[in-house]
Amino acid sequence: MTRPSSHREILEALSGIWVALLVAILSSTIVSNALPTILAELKGTQTQYTWVITAMLLASTASTPLWGKLADLFDKKSLLQAAIVLFVVGSVLAGFSQNMEQLISFRVVQGLGMGGVQALGQVVVGALLSPRERGRYSGYTGMVISAGTVGGPLVGGFLVDWPGWRWCFFVCVPLALVALAVLHKTLHLPVKKQRVKIDYLGATLITGGVSLVLMWVSFAGKDFAWVSRESALFVGGALLAIVGAYFVERRASSPVIPLHLFKNRTVVLAMLGGVAVGTAMFGASVFMGQYFQIARGFSPTKAGLLTVPLVLGLSISSTVSGQLIAKSGKWKSYLVWGSFSLVIGLALLGTIDHRTNLVLMGAYLALVGVGVGLTMQNLVLAVQNGVGMADLGAASSTATFLRSLGGTAGVSVLGAVLAASVSTKTLDPGSLSPVVRDSYGDAMGQLFLIAAGLAVFTVIAVLLIKEQPLRDSVDGDEVVTETGSPVDTDQRIVDNSVLAVDKLLVLSSDRDQEVVVRSAAPRSTQNSLPSGSRIVTQPVPSGLR
């Protein structure tokens with residue numbers, strides 16, 4: 001398959017990825033609004049509430065770079081379909097859970113599938129589109145995210161109030177089947193298998209180190225003291241694992257996190273900003289359903305409706321900024337305004353308690369949504385624009401990995417803070433006393449203040465980023481290849497030999513002159529070039545795509 005040359009063909013090629021992303025987003029947002037009811041029925045605790053979210057995010061975070069490596073060995077389309085199937089299996093099993101331990105375990109399976117959808121989606125989009133085009137299509141991605149985020153709480157609230165919370169997991173099955181069908185029909189990427197070594201040791205050490213830190217934060221202060229033998233074992237083990245991972249990544253031929261990426265200032269700052277955004281976004285927003293249902297006494301359906309300002313802010317800002325960035329090629333100003341909006345919105349949410357006016361709450365949530373919409377996708381765009389095609393897969397998966405890592409840590413840390421602030425043996429909204437409800441509402445403000453402090457790092461990072469105008473070509477560097485190279489090679493080289501974009505420059509060493517090959521030239525002519533000739537692919541004018 002050659003790279004789509006028209007807007008319609010690009011939309012068709014990306015539609016399957018967007019449907020798959022919609023399934024993953026819907027599952028997350030549906031469950032977030034159903035969790036108070038789920039925990040009440042399964043007799044869960046506040047710590048288990050946190051781990052229902054953390055388990056999925058941690059599995060997704062750990063598997064993201066591994067899915068990226070597997071994409072160099074196998075067909076991306078087949079891998080993406082496998083990730084969706086794995087996600088559906090986890091969803092169905094979670095729907096049949098009989099206790100909290102089972103639910104958390106099956107959420108891990110869901111997370112493994114979500115990691116594949118996130119990693120493979122980013123790599124395919126990066127391979128098909130130039131950075132400037134990605135700005136345009138990131139708006140469509142924002143619309144998909146918004147649809148999932150808007151629909152999730154509303155659908156989840158309806159399902160909890162009527163057929164029951166288990167349908168929050170089962171409803172993903174028909175949507176996933178649609179995603180598989182669309183992918184089968186629209187996404188056709190030829191594959192050239194590469195001899196790639198998967199860094200299992202590095203992945204194990206990184207995942208182990210992060211998991212030990214999250215477990216320590218979740219259990220310390222409740223199951224054992226912060227300063228204790230158990231704490232020393234958790235922290236010491238985490239440090240050993242992380243230090244070991246550093247040395248393994250330095251020597252690995254195909255590391256999970258390539259260390260040379262961190263020599264690029266723009267990439268480093270964008271990734272750091274993404275970590276803070278992930279922490280603030282996941283860590284703060286995941287508890288909104290709990291606030292509205294437990295602290296304010298609303299039903300799941302009404303709780304979903306009350307989060308609409310957050311989603312509208314995200315939807316409008318991501319869509320509009322994507323279109324404007326595609327036209328101008330400039331992106332830093334949107335990151336700056338977005339990071340400030342995120343900090344201000346979170347800081348204002350830090351003032352809420354159990355009696356805060358709901359109209360003000362909506363305005364605060366809208367500010368947070370605008371901040372997330374202007375920063376989340378555009379930080380990934382900045383990372384992809386700062387590297388060549390040879391590093392695109394690694395850079396995209398690493399950026400997603402670090403953002404998910406920030407979200408996982410944020411959920412765990414803020415959940416531990418909330419659990420320490422509010423002591424109760426049950427989270428059944430119908431059986432809590434007014435005192436407990438009020439304490440939940442008041443404690444939520446502390447979480448948002450912590451999230452606002454973390455979001456300050458995003459402001460600092462984006463202010464220090466040096467803006468590089470978005471490239472109009474898929475790769476900023478000259479790439480030498482034969483015309484038969486497919487999109488899906490290790491170097492992500494695109495075959496532009498189709499008539500609409502066949503602008504090849506032939507450099508003949510025999511004559512020491514340049515010969516322009518006409519777009520209508522037959523393939524046989526290209527294959528009979530003089531000895532010593534080489535073919536250089538040129539950036540394709542944006543109008544021909």
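Atom CH2 of residue W331 and atom CD1 of residue I325 lie 9.0 Å apart, to the nearest 0.5 angstrom. Atom CG of L42 is separated from atom CD of E101 by 9.5 Å, given to the nearest 0.5 angstrom. Atom NZ of K330 is separated from atom CG of L335 by 13.5 Å, given to the nearest 0.5 angstrom. For the atom pair CZ of F457 and CG of L269, the computed distance is 13.5 Å after rounding to the nearest 0.5 Å. We find the CD1-CG distance between I84 and L180 to be 5.0 Å, quoted to the nearest 0.5 Å. Between L379 atom CG and T266 atom OG1 the span is 11.5 Å, to the nearest 0.5 Å.
Nearest heavy-atom pair, M361 versus T356, reported as atom, atom and distance to 0.1 Å: CG-CG2, 3.8 Å. Across all their heavy atoms, L39 and M100 have their closest contact at CD1-CE, 3.8 Å. For the residue pair W67 and L112, the shortest heavy atom distance occurs at NE1-O, 2.9 Å. Closest approach of Q110 and M56 over heavy atoms only: CB-CE, 4.0 Å. In this structure, T458 and G273 approach most closely via the heavy-atom pair OG1-O, 3.2 Å. Listed here is the closest heavy atom pair of L86 and G113: CD2-N, 3.8 Å.
Residues Y291 and F298 keep their aromatic ring centres 6.0 Å or farther apart. Within the 6.0 Å centre-distance limit, the rings of F170 and W167 are counted as a close aromatic pair.
Counting heavy atoms of neighbouring residues, nucleotides and ligands inside a 6.0 Å radius, atom NZ of K302 does not exceed 12 of them.
The aromatic rings of W162 and F158 lie tilted to each other, with the angle between the two planes from 30° to 60°. F234 and F224 have parallel rings, their planes meeting at less than 30° on a 0 to 90° scale where 60° marks the start of perpendicular.
Judged purely by atom type and a 3.5 angstrom limit, T375 has no side-chain atom pairing as donor or acceptor with the backbone of S339. Looking only at distances, no side-chain donor or acceptor of N378 sits under 3.5 Å from a matching main-chain atom of L381.
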Start with the C-alpha distance between F169 and V92, add both sets of side-chain angles, then the distance that settles side-chain contact (heavy atoms from CB on, under 4.5 Å), and finish with yes or no.
-> CA-CA 6 Å; F169 298 100; V92 173; over 6 Å; no

Steps toward side-chain contact (heavy atoms from CB on, under 4.5 Å) verdict (I242, L205) | CA-CA 6 Å; I242 293 173; L205 289 172; over 6 Å; no

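Of the options V109, V173, V23, L177, a side chain to side chain contact (heavy atoms under 4.5 Å, CB included) to V88 is made by V173 and by none of the others.
Contact check for L358 versus F292: side-chain heavy atoms found under the 4.5 Å cut-off.
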